[in-house]
Number of protein chains: 4
Amino acid sequence: MTTASKPLASRRSETSRLAILDAALALCREQGYARVTIEAIAARAGVGKQTIYRWWPSKGAVVLDAFERVAAEIPVPDTGDVLADMRTFLTGVVRLFTDDNFGPHLGALIGEAQYDPAVRTALLEQYLKPRRAAVADRLRLAQQHRQLPGELDLTAVLEVMFGALYHRLLLRNGPLDQAYAHFVAEIVLGGCSAQPTTDRSHHPVTQRK
Amino acid sequence: MTTASKPLASRRSETSRLAILDAALALCREQGYARVTIEAIAARAGVGKQTIYRWWPSKGAVVLDAFERVAAEIPVPDTGDVLADMRTFLTGVVRLFTDDNFGPHLGALIGEAQYDPAVRTALLEQYLKPRRAAVADRLRLAQQHRQLPGELDLTAVLEVMFGALYHRLLLRNGPLDQAYAHFVAEIVLGGCSAQPTTDRSHHPVTQRK
Amino acid sequence: MTTASKPLASRRSETSRLAILDAALALCREQGYARVTIEAIAARAGVGKQTIYRWWPSKGAVVLDAFERVAAEIPVPDTGDVLADMRTFLTGVVRLFTDDNFGPHLGALIGEAQYDPAVRTALLEQYLKPRRAAVADRLRLAQQHRQLPGELDLTAVLEVMFGALYHRLLLRNGPLDQAYAHFVAEIVLGGCSAQPTTDRSHHPVTQRK
Amino acid sequence: MTTASKPLASRRSETSRLAILDAALALCREQGYARVTIEAIAARAGVGKQTIYRWWPSKGAVVLDAFERVAAEIPVPDTGDVLADMRTFLTGVVRLFTDDNFGPHLGALIGEAQYDPAVRTALLEQYLKPRRAAVADRLRLAQQHRQLPGELDLTAVLEVMFGALYHRLLLRNGPLDQAYAHFVAEIVLGGCSAQPTTDRSHHPVTQRK
DNA sequence: CATTAATCGAGACGGTACGTCCTGTCTTGCA
DNA sequence: TGCAAGACAGGACGTACCGTCTCGATTAATG
């Protein structure tokens, strides 16, 4: 723990790093993720291929890095009305998902994650989890205010909510719009409130006469 | 009134077709979708590459075809209790999704669908939609029995339900098990019943005091 | 040798045969021999591939057949002056060789003959030898008239003569024209007359001072 | 006055180059030119196909390059007797042409030259012309010594001479042996000496009485 | 302030797979 | 039976990228 000055660490060229990320994004936009190649990124960035391989393990990793530069942080509002807030938030997410500079990239990265566990982990840990924390916080707040039952598995609730949006992002079998965002918010929060009824026998949902 | 001879249609070799689909499945199982190549399928099936290219537009299409041969039809029970039935059904889906001969393939195909619109369409039309029709029917029945509100968009409901499962299939950030299946069924059906409250002002979910 | 009426032999379609030969020639002209394929000939002729394979052993054989339909017979004049006659004859050959509908085909066939012995044999026996017989006759006549020595190997003389022309046909390192035809005739016939000098010691050609 | 370092020029791998040429030759020997493929050369040489395509335009070009490594330089003797020298030289050429490691390759390359102009040019410029220069020199010397007429077109003379040998190399309609070599030398040189007679009217060759 | 070692651009290398083209054989109705 | 049509197994084509590997040419901290 003596001389530990840090500069020793890296002579990495920031210029090249940025050029690579820019090129990766541009190529994704222009040709679609599948058609992007390391070779093309290198050529476009005016960089040797080695420079990419030196710092990233795979194409997915590069694109993931590049992707974070366009990935907006959607604010989670707190008006006191948790349903309204979720509607607002999910509408924001939908807006992001339908942005041509974002949605397709996220889809492609989830696709890539099917084969490349490194991409999956990075996507989850670096991107998804941090962003969801804020939403979980908002829901936790609602719990504290007794607007939601206390014993809810908030992570799972988030997954249902996001899963619904991902479904339309990935499979495109329906419009990914504000109405859908509202619908999801209502169904899921509605379901949360209906949830604790462990005794379901007389609930209208459960038993045909 | 002769038996309508239509033999002209296709000189396609059924033997080759089956050999190709078998080879595709086997390779997927052994090496994972990403490592499967048309070349390998052809070699394994003892078939010329051209024979594959003649009848399928892409690797995804071949695997999708092969995939349908292992894709079990999950029965949608009707006990009168729609929530119980959905729990049962979703548990079946979860079981399928966690089958090593199925889940990863489906994930990979959804991944492929991100780049290959043909795969996306085929996946939706040939695989997903037909299977969901039965579930939609069951929900429609519940509507008729007034267990679910009548004005629900059942397609969207299904998407929320399946989206929740897909989320864990694709991102693996939580266990894809019976408990999750039940949780999803309860949240979503619960949400459906809570839904019609277009006037949300006094609903416990919506407004902090 | 009894019932020997011929029709039993072949139900071969003359229409197809001609269509194939025409197509072969046309394709040679348009794309060059190397780019001609059996597939293309069949398509162009509106004929099944099998029909070609049934009647010819190889592409070379088809083209050779087609080739004979454009291969003119060069007349061998007999004016009494063998040198003049050879000049005339070789000029005719040169004219044929430089015909775009002939020279390149002959070159290609000789090229093909390097790999395909059947083509070589057919080319020699069916095409070259018959045509050379007339020239050999003319030279034999000259021998009888003592214009050429009697013990000459006329076949070899012809080969020298034609070899000279083939050289320019195949390698194109000089103009294949009348002047060259005359030059060759003079050199070769001149050499024939100078030939018999088995005693070469005092001949100007042989011994430097 | 430093030793002009020009190292920048080429990072081409000499090892690969040689491996490719060796493989090409070996395959020609073993299977014949027509059956050699770039794929096989690459495999045999332990080289990527791209490495071949990077440096040679066609199979013909590779084989031509390889071919030059076995193409012996036939010495052109100068004993003072030009006819004897040509007999000797042509006998050497015949010996080379009948060498199984040479003759068939040359034949095949001339065949290839019919379709591939690059091969034709390279064959002429890189192989044939340089070798013929020495023969032309020898003939020029004979002219200076008045053993041959001064106004002869030596290039054309060479073509007649070589054409005669090529004829038998390519069409194999007679033995390619010493006797033929001598015959060709005598005919052609004899014809050269007889040549200058521009007035041919009284020449024994020309006019039947 | 010069030295020196990591990093850079460039791009050749051994490979793998691509999707296409053609080969020669086979099969299926039509004439 | 011969034919047009064209599917079939197979093999080579020439191209595109992969990830690794030299090459000098920077370049920045250290010695």
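Residue numbers start from 1 in every chain, and the chains themselves are labelled A, B, ... in the order their sequence lines are given, proteins ahead of strands.
- In this structure, the side chains of W55(C) and R17(C) stay at 4.5 Å or more apart for every pair of heavy atoms.
- Nucleic acid contact for R12(B): sugar-phosphate only, since backbone atoms but no base atoms lie under 4.0 Å from a heavy atom of the residue.
- Of the residues in residues 13-30 of chain D, those placing a heavy atom less than 4.0 Å from an atom of DNA chain E are S13(D), S16(D), in numerical order.
- For the pair V36(D) and K59(A), both in contact range of DNA chain F, the more 5′-proximal nearest nucleotide belongs to V36(D).
- In terms of phosphate contacts, W56(C) brings no side-chain nitrogen or oxygen within less than 4.0 Å of OP1 or OP2 of dG24(E).
- T121(C) contributes a side-chain N or O that, together with a main-chain N or O of P117(C), makes up a donor-acceptor pair within less than 3.5 Å.
- dC8(F) atom P lies 16 Å from atom OH of Y53(B), rounded to whole Å.
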L18(A)/R69(A) under side chain to side chain contact (heavy atoms under 4.5 Å, CB included): CA gap, chis, key distance, verdict: CA-CA 10 Å; L18(A) 293 175; R69(A) 315 178 77 218; 3.5 Å; yes
Distance-only donor-acceptor hits, side chain of residues 103-112 of chain A, under 3.5 Å, sequence neighbours excluded:
{"residue": "H105(A)", "atom": "ND1", "partner": "N101(A)", "partner atom": "O", "Å": "3.3"}
{"residue": "E112(A)", "atom": "OE1", "partner": "Y33(A)", "partner atom": "OH", "Å": "3.1"}
{"residue": "E112(A)", "atom": "OE1", "partner": "Y115(B)", "partner atom": "OH", "Å": "3.4"}
{"residue": "E112(A)", "atom": "OE2", "partner": "Y33(A)", "partner atom": "OH", "Å": "3.4"}

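- Taking only side-chain nitrogens and oxygens, W55(B) never comes nearer than 4.0 Å to OP1 or OP2 of dG6(F).
- Considering only side-chain N and O atoms, R54(D) lies under 4.0 angstrom from the phosphate OP1 or OP2 of dC13(E).
- Looking at heavy atoms from C-beta onward, I41(B) lies out of side-chain contact with V47(B) at the 4.5 angstrom threshold.
- Counting only heavy atoms from C-beta outward, the side chains of W56(C) and I20(C) approach each other to under 4.5 Å.
- Near DNA chain E, meaning a heavy atom under 4.0 Å away, the residues from residues 37-51 of chain B are T37(B), I38(B), E39(B), K49(B), Q50(B).
- In this structure, the side chain of K59(B) engages the main chain of V36(B) through a donor-acceptor pair within 3.5 Å.
- Ion pairing of R44(A) with E30(A) is present here, as a side-chain N (NZ or NE/NH1/NH2) and a carboxylate O approach within less than 4.0 Å.
- Note: CD1 (I52(D)) to C1' (dA12(E)) measures 14 Å, nearest angstrom.
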